[in-house]
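Below, chains carry the letters A, B, ... as their sequence lines are ordered, and counting in each starts from 1. Here the structure is a predicted model, which means the values were calculated and not measured.
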Number of protein chains: 2
Amino acid sequence: MTVSRFSLTISPMPSKKYHHGDLKNALIKAGVEILAKEGVSGLSLRKVAQRAGVSHSAPYAHFPDKQSLIAAISTEGFNQLYAELESAISSHSKNPKKQLIEGAKTYIRFAEENTDTFKIMFSGVLEKEKDYPSFVEISSKTFKLVVEVVQACQSAAILPAAPADLMAVSVWGQLHGIVSLALEGQVPHTVLDRHNIQEIVSFAIGQMTT
Amino acid sequence: MTVSRFSLTISPMPSKKYHHGDLKNALIKAGVEILAKEGVSGLSLRKVAQRAGVSHSAPYAHFPDKQSLIAAISTEGFNQLYAELESAISSHSKNPKKQLIEGAKTYIRFAEENTDTFKIMFSGVLEKEKDYPSFVEISSKTFKLVVEVVQACQSAAILPAAPADLMAVSVWGQLHGIVSLALEGQVPHTVLDRHNIQEIVSFAIGQMTT
DNA sequence: CGAAAATCTTGACACCGTCAAGATTGTGAC
DNA sequence: GTCACAATCTTGACGGTGTCAAGATTTTCG
């Protein structure tokens with residue numbers, strides 16, 4: 001509009017172009033921030049657009065709908081989780097048990113520090129995950145990480161012999177279940193008074209390992 | 001309004017009173033039905049009201065807001081889950097291992113048959129659970145059921161000696177984690193090709209028991 | 001340079017949760 | 001019984017939401 005161009009001319013505003021440049025990533029970033037500040041129910045396309053400094057329907061140039069933006073945010077979350085897990089695991093490449101424990105710690109920390117991103121990734125907010133190839137890819141890549149650690153533990157006789165993928169689902173399920181119940185406030189205070197989530201998970205995984 | 005009373009007079013409509021009689025429960029029931037047919041994202045107060053045959057803001061006579069209705073639906077879900085678990089467990093009162101396995105089966109079946117009710121109960125849709133006493137009560141009552149089964153298993157040396165509530169969080173977490181991952185489509189097909197959820201859980205719990 | 005494609009804005013639509021005002025009905029005191 | 005009051009329900013409005021259509025602006029590329 002003429003007015004905004006005029007004010008842009010006489011008092012040069014800090015880089016306000018018609019084209020954003022990298023709006024797609026800016027929207028994802030804005031989404032993550034809103035998620036952290038207002039939670040899942042506070043996440044709206046219009047707020048994301050506003051925070052990125054564009055009009056309410058600008059996002060439709062980059063995402064066909066809200067679900068698609070949520071998929072992108074979830075994918076970004078998985079990328080971060082994968083990177084952190086990968087880093088934690090490769091720090092103990094000669095000690096499978098430590099890989100398992102530190103991997104679990106990393107998972108817990110990620111869930112605690114990015115609660116609502118974690119929820120978006122795992123709580124059915126994303127309705128048709130299979131429609132988003134990059135989401136499927138990074139999530140199955142993450143699962144393969146778990147399988148590798150499990151196999152290393154089996155080779156070291158720390159976990160019992162069994163199909164590695166099946167055992168991986170057990171281990172991940174155990175970890176994920178406790179974390180999820182905790183985030184939902186379903187772990188009773190009689191337990192939380194004595195142990196934090198970290199300790200509960202350590203106990204549970206300790207039961208599985210030898 | 002005069003018109004409707006008139007039509008009620010000349011052609012007797014099937015019991016359309018101004019006062020519903022039991023609207024509160026009708027709304028909960030309608031909510032469960034919509035949940036089953038349209039999923040969590042399809043659940044709106046206005047649809048619930050319409051399905052119950054009342055105006056869009058009639059629910060506010062019984063629930064202060066949408067969260068409160070969701071709490072009621074979740075509570076109802078927990079009541080049903082508790083009843084089914086209780087029934088399954090009391091059917092094998094002399095066999096703790098069977099109690100554990102059948103309880104798990106019941107949990108899985110409930111999640112599969114009432115997927116979206118299960119999600120509402122456990123996926124952060126209900127934002128401040130502690131504000132709803134009857135929800136807190138039935139959910140902690142359910143946890144106590146798990147504790148009882150765990151204790152019975154410990155007495156029979158089926159589960160190792162450890163604080164029963166801690167062990168209960170492990171067992172429930174293991175079960176809940178696998179079910180949740182499965183509902184999210186996070187259990188890879190390489191596993192699902194060979195085993196259904198039932199078998200995966202059986203394997204995982206088998207690892208914990210002796 | 002100019003046409004086509006990409007990007008962004010404006011405006012509209014139906015739906016949503018919520019509230020205020022008022023209509024209708026049930027209830028209990030007298 | 002009746003009459004005031006409480007409970008219940010309707011109507012109408014408000015701002016916020018996701019989404020789409022039309023058009024403005026900018027970039028890209030033949």
With A:Glu38 via side chain to side chain contact (heavy atoms under 4.5 Å, CB included) - residues at least two apart: A:Ile34, A:Lys47

A:Ala61 side-chain proximity, nearest of C:dT10, D:dT10, C:dT7: C:dT7

Under 3.5 Å, which donor-acceptor pairs do the side chains of residues 141-152 of chain A form with other protein atoms, sequence neighbours left out?
residue  : atom : partner  : partner atom : Å
A:Thr142 : OG1  : A:Ile138 : O            : 2.7

SB check B:Arg109 B:Glu112 (cutoff 4.0 Å): no

Residue whose closest nucleotide on DNA chain C lies nearer the 5' end, B:Pro64 versus A:Ala58: A:Ala58

Rounding to an integer number of Å, can you tell me how far [X] [atom1] sits from [N] [atom2]?
X	N	atom1	atom2	answer
B:Asp22	D:dC9	CG	P	10 Å
B:Phe63	C:dC19	CZ	P	16 Å
A:Gln50	C:dC8	CD	P	17 Å

Between the protein and nucleotides 15-17 of chain C, list the N/O to N/O atom pairs that are separated by less than 3.5 angstrom.
residue : atom : partner : partner atom : Å
C:dC16  : OP1  : B:Ser44 : OG           : 3.2
C:dG17  : OP1  : B:Leu45 : N            : 2.9
C:dG17  : OP1  : B:Lys66 : NZ           : 3.1
C:dG17  : OP2  : B:Leu45 : N            : 2.9
C:dG17  : OP2  : B:Arg46 : N            : 3.2
C:dG17  : N7   : B:Arg46 : NH1          : 2.6
C:dG17  : O6   : B:Arg46 : NH1          : 2.9

ring-ring contact (aromatic ring centres under 6.0 Å, His included) against B:Phe118, all qualifying residues, sequence neighbours excluded: B:Tyr107, B:Phe122, B:His176

Please tabulate, one pair per line, all N/O donor-acceptor pairs under 3.5 Å involving side-chain atoms of residues 22-33 of chain A, not counting sequence neighbours.
residue : atom : partner : partner atom : Å
A:Asp22 : OD1  : A:Asn25 : ND2          : 3.1
A:Asp22 : OD2  : A:Asn25 : ND2          : 3.1
A:Glu33 : OE1  : A:Arg51 : NH1          : 2.4

Salt bridge (charged side-chain N to carboxylate O under 4.0 Å, His left out) pairs, two or more places apart, involving residues 191-204 of chain B: A:Asp165-B:Arg194

